[in-house]
Structures are given as structure tokens and as C-alpha cells.
Amino acid sequence: MATLRNSWRYFVPPVVSILIALIPAPTGLEAHAWLYFAVFMGVIAGLILEPVPGAVVAMIGISVIAILSPWLLFSPAQMSQEGFKFTSKALSWAVSGFSNSVIWLIFAAFMFGIGYEKTGLGRRIALMLVKKMGHKTLFLGYAVMLSELVLAPVTPSNTARGAGIIYPIIRNLPPLYDSKPDSPSSRSIGSYVMWMGISADCVTSAIFLTAMAPNLLLAGLMKGASGSALSWGDWFLGMLPLSVLLVLLVPWLAYVLYPPTLKAGDQVPKWAGKELEAMGPLSRREKWMLVLMLGALLLWIFGGDFVDAAMVGYGIVAVMLVMKIISWEDIISNKSAWSVFFWLASLITLATGLNNTGFIAWFGHLLAQGLSGFSPLMVMVALIAAFYLLRYFFASATAYTSALAPMMIAAAMAIPGISLPVFCLMVGAAIGLGSILTPYATGPSPIYYGSGYLPTADYWRLGAIFGAVFFVLLIATGLLWMPLVLA
């Protein structure tokens, strides 16, 4: 019965594609570009509904387009020039996403995450912070934030970081003070700690390029549309003032707006101390992991002019294999990494096709005409606001980015006076920060929401308040600081 009830998910994507394809192509857009867009929207519908894994949805879309390339990928004029060569051209397009350096950077970052997990270094760092700062509840909030901050640059899955590393640690903290889920005692400390968990995950997802897979997807989409992309250092420097503000402000703001009744206690530091004692002293593999991660961060920040960020990651993964921090079996058995690798490459390929067929240029020109009476500054703020608020309608950051980011990039490219790097960085920050708005916005959200410490009304209320604060700070720093470092 469950299968029958969910069977509609399989039919919606092709129906969406067929219905759009039956509509005549808009004025100024070639028929093949409109048909390509129809298949693209079917893929987006599939990513939202997920009748099969997202990577499979994207690969099906690419296969359909490649097979039907004479009608979807090429115009009649191009077909007359290409002749029988169109098959090889279609194949080259279909696999083009796998040659994108962004794909290999995120794959390397996933391997770093395996090293953090296998060596226990990530857990040790979080426990050390909790032990040092857990005497006061407010400082415990800062410990959660700093734990996320340390892990985020080398953990491109915010779900793995938030739900896989941080949540298993902090869920043990409230019971130490008899703060139980789904009870009046939850507000004593548990509610504050859990809200800090999801808030910190959203904040750190925006701070680093490699903190969340959709960030790298956005960088790939920007590169495919304009030929240039935001580097790791560009993202970090552009986000720096906003990062400092959020790291300092959010734990205090949560403490004020969602105050715990328990302000201090020794149970948490004692528990963390026992856990660290059980882990023993810092192992050789942990020391090497720490050295390699610091080396990667330094090269990402300062070495962008000398060595590609993906090459840095690729080389350090090789060293990790030689040092036996991770094994080849760890790499080939990591389903999450390979899944993200395939769907990210496929989505970049699909977005590149939108640009190649001329749809992006047409859509950007259409938007530019409609917004011609407004200043570039007003248009940029309005587009960011629309992008941010549309987060309410998506339960997947991947589908959200895939569906909306290409259109946002097209608009920015078509309107004179808008800096594409600044605009794209603001869009990228909005992906992570906007994840705070709903209990379904990103992977860790349902985990924290389902903890029993965050009632539905509280989650939606806090999500709206924190979302508004995040947006205001994003616009302020985006307009005042980002143009200075991304000019």
C-alpha cells in the first residue's frame, strides 16, 4: 500500500516536463532551448519529490537530453553544422560535469571528513570545547558554535557534521541536568542546547565554501554561466565580517530569546572530561590529521594564486592514504561522498546545458527588461530577498539551489551594475543561513526538531526571528564589505 501511495512521485516529473514542452516556446527563445528547459524542470520536480535518489534523477535527465540531443541540445543550425558529430558532442556534454574542479574539491573534503571521524579528532575537539566552556549554559552555546566552526571547513555535508558529529555529543548533555524531552524540564537547558545546535550548523554552512555541498554547486553554476568562480579564499574573506558577527551574536541571542532556566552547572564538564579520558591521549593519526587539515586551510586561504583548491584537496587525500589515516576501502565504500559526487556533477552539467542552449541569456534579458526602471542596488536586494524567502517552499537545499540559483545568476549577469561575485556570494550565504527558517529546510533540521526539545511553535517562531536577523546582517555586510574584497 505504501508503494501505491507513493507511486505518484514517479509520474509527476515526466508529467511536468511534458506539460511545459506542450506550451509553445516564448518569443525570443528557440524551440530546442524551451524543450531543454522542460526536461530541466522535470529534474527539479524529481529532486523535490525524490521518487529515486537525487543522483539518479539527475542522471536520468542527462540521459534523456543526450539521447534526444538533436531536438533538445542543438538548434537546427547547429545540427546542420555538426552532422553526425552531434553524438560525440552530446556525450562530451553529458560527462562534462565530472571534469569540473569544484566536484573534486567537494569529494576531497568528504575524505577529510572521514579522517576526522575515523581518527576521532572531530569528536575530541568538540568534547574539549564542551569541557572548557560548559560550566555556564551561555558558554556551552559558544562551545557548540565553535565545535561546528572547527569542523565546517573540512566537512562539506552539513548533515554529517550537524547530525553525525555534533548532535550525538550534545544530545547527552540535557539528561545530565534532568532536562528531558517533551516535558516541562526541557526548557531548563535542553531546548537552548538543541536550538544552538541547528543554529550553529546553519551559520557555519554559510561561512565556508566547503561547509555545505550546495555552496560548491553554486560555485559550479557560476563558473558554467560566466567562466569564473568564487575561490575558497574569496568566499572566506567575503564572509569574514558576517562570520564574526554571527559567531559572537547567535549564542547570546539564543540565550536572550530562548532563555534556559538553568544558568550554570558542573555536570557537563565532568561528563566531557570522562569521555576524553576514555579516548586517551592524542594519537599519532590524530596529530597527522590535524597537521594536514591546517595545511589544507592555509593553502586554500593563501595559495589560491599558486595552486588550485581542488588540487590541494586531491594531494592531501593522497597523503592521508599513504599515512593510513584513511584506507582505499574507506573511499570506495563512502556512499554519501559518491552520491554527492554524482548528483553535483550531473546538476552542474544540466545547468551548463541551460547556458549552452541560450535559455539563461534569454531569461536574464527578460528579467533585465522587467526591472529596467530600478537601480541595480534595489534589484540585487530584491532578488536576494526573494531567493531567501523561497526557502520556505523547499525541503532540500540541493533542489532549492538547483532550481533557483541559475535564474538568479542569469538575472545578475543581465543587469549592468550588479557585481556577479558579490551577488553569488550573497546567494551562497543565503543558502546556509536560510536553512534556519523551517524544521525541514536542510538535513539536520528534522534531527534537532525531532529531539523533543524544540516544540513546533517555538521552532517556527525562532526560525522567523533568527532568519530575519541573518538576512539583515547578510544584506548589510554584502553591500558594505563584500564589494571591497571581491571587486
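Values below: all heavy atoms of this structure, side chains included; hydrogens, waters and symmetry mates excluded. We're numbering straight along the sequence, starting at 1. These numbers were taken from a predicted model, which means no experiment stands behind them.
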Asks: For the CG atom of N356 and the OG atom of S96, what is their distance to the nearest 0.5 Å?
Replies: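 Going from CG on N356 over to OG on S96, the span is 8.0 Å.
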
Asks: Rounded to the nearest 0.5 Å, what separates atom CG in N334 from atom CD1 in I114?
Replies: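 So the CG of N334 and the CD1 of I114 are separated by 4.0 Å.
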
Asks: For M128, what residues pass the side-chain contact (heavy atoms from CB on, under 4.5 Å) criterion, not counting sequence neighbours?
Replies: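 With neighbours one apart ignored, the set is R124, L276.
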
Asks: Could you tell me which residues satisfy side-chain contact (heavy atoms from CB on, under 4.5 Å) with M408, sequence neighbours excluded, listed by chain and number?
Replies: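 M408: side-chain contact (heavy atoms from CB on, under 4.5 Å) contacts with L383, F387, F423.
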
Asks: Which heavy atom of I447 sits nearest a heavy atom of A163, and at what distance?
Replies: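 Nearest pair, atom of I447 first, then A163: CG1-CB, 3.8 Å.
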
Asks: What are the two closest heavy atoms between A399 and L47, and how far apart are they?
Replies: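 Closest approach of A399 to L47, heavy atoms only: CB-CB, 4.0 Å.
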
Asks: Between Y448 and G162 (side chain of the first, backbone of the second, donor and acceptor by atom type, cut-off under 3.5 Å), is there such a pair?
Replies: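 Side chain of Y448 to backbone of G162, a donor-acceptor pair under 3.5 Å: yes, one is there.
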
Asks: Using atom types as modelled and distance alone, determine if a side-chain donor or acceptor of S402 lies under 3.5 Å from a backbone N or O of T398.
Replies: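 Present.
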
Asks: Examine distances only and state if a side-chain atom of S435 and a backbone atom of I431 form a donor-acceptor pair shorter than 3.5 Å.
Replies: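 Yes, S435 side chain to I431 backbone: donor-acceptor pair under 3.5 Å.
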
Asks: With a 4.5 Å heavy-atom cut-off, do M426 and I475 have their side chains touching?
Replies: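 Heavy-atom side-chain distance check passes, below 4.5 Å.
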
Asks: Applying salt bridge (charged side-chain N to carboxylate O under 4.0 Å, His left out), name anything that partners R285, two or more places apart in sequence or on another chain.
Replies: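 Counting only residues at least two positions away or on another chain, R285 forms no salt bridge (charged side-chain N to carboxylate O under 4.0 Å, His left out).
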
Asks: Tell me every residue that passes side-chain contact (heavy atoms from CB on, under 4.5 Å) with P421, counting only those two or more places apart in sequence or in another chain.
Replies: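 Result, side-chain contact (heavy atoms from CB on, under 4.5 Å) vs P421: M222, L230, S419, L486.
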
Asks: Which is it for S157 and V340 under the side-chain contact (heavy atoms from CB on, under 4.5 Å) test, yes or no, and what are the steps along the way?
Replies: CA-CA 9 Å; S157 168; V340 171; over 6 Å; no

Asks: Which pair of non-hydrogen atoms, one from G122 and one from L151, has the smallest distance, and what is that distance?
Replies: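 The answer is CA-CD2, 3.5 Å.
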
Asks: Stepwise, does the ring-ring contact (aromatic ring centres under 6.0 Å, His included) test hold for F466 with W195?
Replies: CA-CA 11 Å; F466 276 69; W195 183 252; 5.5 Å; yes

Asks: Could you walk me through whether T204 and M212 satisfy the side-chain contact (heavy atoms from CB on, under 4.5 Å) test, starting with their C-alpha distance in whole Å, then the side-chain angles of each, then the deciding distance to 0.1 Å, before giving a yes or no?
Replies: CA-CA 9 Å; T204 57; M212 191 181 190; over 6 Å; no

Asks: Is the distance between the ring centroids of F107 and W338 under 6.0 Å?
Replies: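 Ring centres of F107 and W338 closer than 6.0 Å.
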
Asks: Just verifying a value: how many Å separate Y36 OH and F359 CZ, rounded to the nearest 0.5 Å?
Replies: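 If I round to the nearest 0.5 Å, the distance is 11.0 Å.
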
Asks: State which residue, out of F110, F341, F98, fulfils the ring-ring contact (aromatic ring centres under 6.0 Å, His included) condition with W104.
Replies: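 In the set F110, F341, F98, the residue that makes a ring-ring contact (aromatic ring centres under 6.0 Å, His included) with W104 is F341.
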
Asks: Is the OH atom of Y314 crowded by more than 12 outside heavy atoms at less than 6.0 Å?
Replies: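 Atom OH in Y314 is not packed in, count stays at 12 or less.
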
Asks: Can you name the residues that form a salt bridge (charged side-chain N to carboxylate O under 4.0 Å, His left out) with R161, not counting sequence neighbours?
Replies: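 Expected list: E148, D201.
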
Asks: Considering only heavy atoms from C-beta outward, does the side chain of T119 approach that of W288 to under 4.5 Å?
Replies: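 No. Closest side-chain heavy atoms not under 4.5 Å.
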
Asks: Is it true that a side-chain atom of T438 and a backbone atom of A441 form a donor plus acceptor pair closer than 3.5 Å?
Replies: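 Checking the backbone N and O of A441 against the side chain of T438, a donor-acceptor pair under 3.5 Å is found.
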
Asks: Quick one: does M196's side chain get under 4.5 Å of P251's, heavy atoms only?
Replies: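 The answer is yes, as the side chains (C-beta and beyond) meet within the 4.5 Å cut-off.
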
Asks: Please examine the side chains of I170 and L140, heavy atoms only from C-beta on, and report whether any two atoms are closer than 4.5 Å.
Replies: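 Of all side-chain heavy-atom pairs linking I170 with L140, none is under 4.5 Å.
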
Asks: Could you tell me which non-hydrogen atom of G467 sits nearest to which non-hydrogen atom of L437, and how far apart they are?
Replies: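 Heavy atoms only, the tightest pair is CA-CD2, 3.8 Å.
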
Asks: Would E117 and R123 satisfy salt bridge (Lys or Arg N to Asp or Glu O under 4.0 Å), going step by step from the backbone distance to the final call?
Replies: CA-CA 7 Å; E117 182 180 353; R123 187 169 189 272; over 6 Å; no

Asks: Would you mind reporting whether I409 and C424 have side-chain heavy atoms less than 4.5 Å apart?
Replies: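 Yes; the side chains approach each other to less than 4.5 Å.
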
Asks: Working to the nearest 0.5 angstrom, can you tell me the gap between L246 CG and I207 CD1?
Replies: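 One finds 6.5 Å between CG of L246 and CD1 of I207.
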
Asks: Can you tell me how far the CG atom of L433 sits from the CZ atom of R391, to the nearest 0.5 Å?
Replies: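 Between atom CG of L433 and atom CZ of R391 there are 11.0 Å.
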
Asks: Does the Y388 side chain pair with the main chain of A430, one donor and one acceptor, at a distance under 3.5 Å?
Replies: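 No; zero donor-acceptor contacts below 3.5 Å.
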
Asks: Which pair of non-hydrogen atoms, one from P153 and one from L149, has the smallest distance, and what is that distance?
Replies: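 In this case the closest contact between P153 and L149 is CD-O, 3.2 Å.
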
Asks: Could you tell me whether F393 atom CZ has more than 12 heavy atoms of other residues or ligands within 6.0 Å of it?
Replies: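 Count not over threshold, so no.
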
Asks: Which pair of heavy atoms, one from T401 and one from P214, lies closest together, and at what distance?
Replies: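 Smallest heavy-atom distance, with atoms named: OG1-CB, 3.5 Å.
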
Asks: Could you tell me whether the side chain of L35 reaches within less than 4.5 Å of the side chain of I20, counting heavy atoms only?
Replies: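 The answer is no, as the side chains (C-beta and beyond) never meet within the 4.5 Å cut-off.
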
Asks: When you measure from the side chain of S339 to the backbone of S336, do you find a donor-acceptor pair of N or O atoms at a distance under 3.5 Å?
Replies: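 Pair absent, no side-chain N/O of S339 close to backbone of S336.
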
Asks: Applying the side-chain contact (heavy atoms from CB on, under 4.5 Å) test to M111, which of I325, D330, I326 qualifies?
Replies: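 For M111, the side-chain contact (heavy atoms from CB on, under 4.5 Å) test succeeds with only one of I325, D330, I326, which is I326.
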
Asks: Might you work through the side-chain contact (heavy atoms from CB on, under 4.5 Å) test for L146 and M133, ending with a clear yes or no?
Replies: CA-CA 10 Å; L146 292 176; M133 304 176 69; 3.9 Å; yes

Asks: T477 vs W481, test: side-chain hydrogen bond (donor to acceptor under 3.5 Å, both in side chains). Steps then yes/no.
Replies: CA-CA 5 Å; T477 56; W481 168 259; over 6 Å; no

Asks: Can you check whether M413 reaches S226 side chain to side chain, under 4.5 Å on heavy atoms?
Replies: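 Contact flag for M413/S226 side chains = yes.
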
Asks: Taking only residues two or more places apart in sequence or in another chain, which ones pass side-chain contact (heavy atoms from CB on, under 4.5 Å) with I316?
Replies: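 F112, L292, M293, A296, V312, M320.
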
Asks: To the nearest 0.5 Å, how far apart are CD1 in I125 and CG in L121?
Replies: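 One gets 4.0 Å once the value is rounded to the nearest 0.5 Å.
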
Asks: Could you walk me through whether I106 and T210 pass side-chain contact (heavy atoms from CB on, under 4.5 Å), step by step?
Replies: CA-CA 7 Å; I106 195 170; T210 47; over 6 Å; no

Asks: Could you tell me how the ring of F208 sits relative to the ring of W232: parallel (under 30°), tilted (30 to 60°) or perpendicular (over 60°)?
Replies: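 Rings of F208 and W232: parallel, as their planes differ by under 30°.
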
Asks: Could you check if a side-chain atom of T357 sits within less than 4.5 angstrom of a side-chain atom of H32, using non-hydrogen atoms only?
Replies: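 They are in side-chain contact.
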
Asks: Is it the case that the side chains of N215 and S205 hold a donor-acceptor pair, with the cut-off being a distance below 3.5 Å and no angle test?
Replies: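 No.
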
